[in-house]
K.L.:
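Submitted below is the structure of interest, expressed as structure tokens.
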Amino acid sequence: MRLKSTVYLLLCVFICASAQAQLYKPRPVTALLGAFDEEIKLLRQELKNPKEHLIHGIRFYSGKIAGKRVVIAGTGIGKVNAAMTTSLLLRQFKPKRVLFTGIAGGLRADLQPGDIVLAKSTLQHDFGAVGNNLFTIWETRNPVLKQKNPLYFKADSLLLVMAENAAQQTQFQQLTTQGRLPQISTGVVATGDQFISSETKVLQLMADFGADAVEMEGGAVAQVCWQQQVPCLIIRSISDKADSNANETMINFTTTAAYNSANLLISFLGKLLD
Ligand code: ADE
């Protein structure tokens with residue numbers, strides 16, 4: 001009888017301990033990700049008391065911006081790199097929230113280089129089944145809960161509202177027509193392992209998924225955060241129109257678009273409590 005209750009007790013302790021180990025206990029630190037150096041350049045310049053952490057070859061930089069604890073990293077381009085860096089980030093730094101900053105191809109006709117799209121949701125436009133002349137989009141699967149994920153990962157609503165407010169108080173650099181200030185909007189951001197420079201694909205992404213902008217990392221970062229229940233927001237500034245001129249347009253506008261998106265994050269941090 002005694003042995004039985006001891007075994008039972010030990011079992012309970014073991015189950016509780018392993019459940020505890022699974023718990024994500026966020027720390028008062030905000031993670032700021034971009035895909036490549038240009039996208040995180042301004043953030044690194046603003047970082048006070050920077051400390052470098054090399055984790056599995058990825059460089060993370062911790063310190064303070066606007067008096068708030070942050071950790072910054074460049075994920076590398078594409079969904080796999082973005083997911084890898086996000087996983088290492090959550091495991092090592094346990095951030096309270098994850099914000100992604102960078103450039104994107106604008107799909108909606110009114111979007112011009114330098115404009116900002118705050119992703120109200122993201123989806124992975126290239127995840128699915130290919131048949132003869134037919135692509136069927138699939139929901140990703142959550143290996144933690146063994147369930148289907150939603151097709152669209154919604155942004156954390158508080159982060160979205162805070163970013164909209166911060167945008168009102170941010171000085172953006174102008175890119176196109178004289179006198180036209182960069183416009184801020186919310187929208188659907190489509191992510192895929194493809195650089196889009198095709199008018200046909202632009203129309204398809206808008207018609208099939210209601211997408212406003214296209215890029216190569218946001219949906220992957222959002223999926224990792226969703227699966228670990230960490231609040232996340234993807235912020236993008238338009239560098240091109242994803243059309244046949246996308247490559248040249250992007251080369252001309254990347255610096256300013258990346259600056260605009262990162263500068264919005266700095267205003268955002270100024271509004272945070274911790
Ligand atoms: N990032 C910036 N422009 C892009 C485009 N046209 N396609 C995919 N990712 C992008």
Side-chain angles (χ1 to χ4, degrees), residues 32-43 73-86 99-128 135 137 152-153 155 172-173 175-176 182-223 233-265:
L32 310 173
L33 299 177
F36 54 90
D37 287 350
E38 190 84 29
E39 291 178 326
I40 56 168
K41 192 167 130 193
L42 181 66
L43 299 172
T75 62
I77 293 172
K79 291 189 298 173
V80 173
N81 288 335
M84 180 178 101
T85 303
T86 308
L99 302 173
F100 193 100
T101 174
I103 62 168
L107 305 175
R108 227 172 54 218
D110 65 286
L111 287 171
Q112 295 295 328
D115 287 355
I116 300 272
V117 177
L118 304 168
K120 63 180 180 199
S121 64
T122 52
L123 90 151
Q124 293 167 34
H125 69 79
D126 58 351
F127 188 81
F135 173 70
I137 190 95
Y152 293 82
F153 295 105
F172 295 110
Q173 290 181 353
L175 269 177
T176 48
Q183 305 289 300
I184 321 297
S185 59
T186 59
V188 174
V189 169
T191 302
D193 282 318
Q194 301 163 346
F195 181 82
I196 308 298
S197 48
S198 150
E199 284 79 4
T200 314
K201 189 73 181 177
V202 167
L203 292 176
Q204 188 216 318
L205 290 171
M206 286 200 293
D208 292 353
F209 310 124
D212 298 288
V214 64
E215 40 83 308
M216 303 176 71
E217 297 82 22
V221 173
Q223 182 180 344
L233 178 65
I234 311 297
I235 297 175
R236 293 284 183 173
S237 180
I238 303 304
S239 56
D240 60 90
K241 301 276 290 170
D243 55 11
S244 28
N245 301 320
N247 222 0
E248 299 92 86
T249 323
M250 188 187 68
I251 290 167
N252 289 331
F253 292 138
T254 289
T255 304
T256 309
Y259 173 93
N260 278 352
S261 184
N263 203 23
L264 171 50
L265 284 200

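In each ligand, atom 1 is the first atom listed, and ligand 1 is the first ligand listed.
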K.L.:
Only distances under 3.5 Å count here; give the side-chain donor-acceptor pairs of residues 212-219 to other protein atoms, sequence neighbours excluded, each with its distance to 0.1 Å.
P.N.:
residue : atom : partner : partner atom : Å
D212    : OD1  : R108    : NH1          : 3.3
D212    : OD2  : V188    : N            : 2.7
E215    : OE1  : T191    : OG1          : 2.8
E215    : OE1  : E217    : N            : 3.1
E215    : OE1  : G218    : N            : 3.1
E215    : OE2  : G218    : N            : 2.9
E215    : OE2  : R236    : NE           : 3.0
E215    : OE2  : R236    : NH2          : 3.0
E217    : OE1  : R236    : NH2          : 2.9
E217    : OE2  : G78     : N            : 3.0

K.L.:
What is the closest protein heavy atom to atom 10 (C) of ligand 1, and at what distance does it sit?
P.N.:
V214 O, 3.7 Å

K.L.:
Working to the nearest 0.5 Å, report the span between CG of L33 and OG1 of T101.
P.N.:
10.0 Å

K.L.:
Any nitrogen or oxygen of I196, main chain or side chain, under 3.5 Å from a nitrogen or oxygen of ligand 1?
P.N.:
yes

K.L.:
Heavy-atom contacts with A104 under 4.0 Å: which atoms of ligand 1 show up? List them by number with element.
P.N.:
1 (N), 2 (C), 3 (N)

K.L.:
For atom 9 (N) of ligand 1, grab the closest protein heavy atom and report residue, atom and distance to one decimal in Å.
P.N.:
E215 CA, 3.4 Å

K.L.:
Give me the nearest non-hydrogen protein atom to atom 3 (N) of ligand 1 as residue plus atom name, then the distance to 0.1 Å.
P.N.:
D240 OD2, 2.6 Å

K.L.:
Can you list the ligand 1 atoms lying under 4.0 Å from a non-hydrogen atom of A242?
P.N.:
6 (N)

K.L.:
Does only the side chain of S239 get under 4.0 Å from ligand 1, or the backbone, or both, or neither? Count heavy atoms.
P.N.:
side chain

K.L.:
For Q194, is the nearest heavy atom under 4.0 Å from an atom of ligand 1?
P.N.:
yes

K.L.:
Closest approach of L118 and I184, non-hydrogen atoms and distance?
P.N.:
CD1-CG2, 4.0 Å

K.L.:
I238 vs V117, test: side-chain contact (heavy atoms from CB on, under 4.5 Å). Steps then yes/no.
P.N.:
CA-CA 8 Å; I238 303 304; V117 177; 4.0 Å; yes

K.L.:
Looking only at distance, does A246 have an N or O less than 3.5 Å from an N or O of ligand 1?
P.N.:
no

K.L.:
Testing the basics here: between I137 and H125, what is the closest heavy-atom pair and its distance to 0.1 Å?
P.N.:
CD1-O, 3.6 Å

K.L.:
Quick check: closest heavy atoms across N260 and G114, and the distance to 0.1 Å?
P.N.:
ND2-O, 3.2 Å

K.L.:
Can you tell me which residue and heavy atom of the protein come closest to atom 5 (C) of ligand 1, and the distance to 0.1 Å?
P.N.:
F195 CE1, 3.4 Å

K.L.:
Might you point out which heavy atoms bring A35 and F100 nearest each other, and give the distance in Å?
P.N.:
N-CZ, 3.5 Å

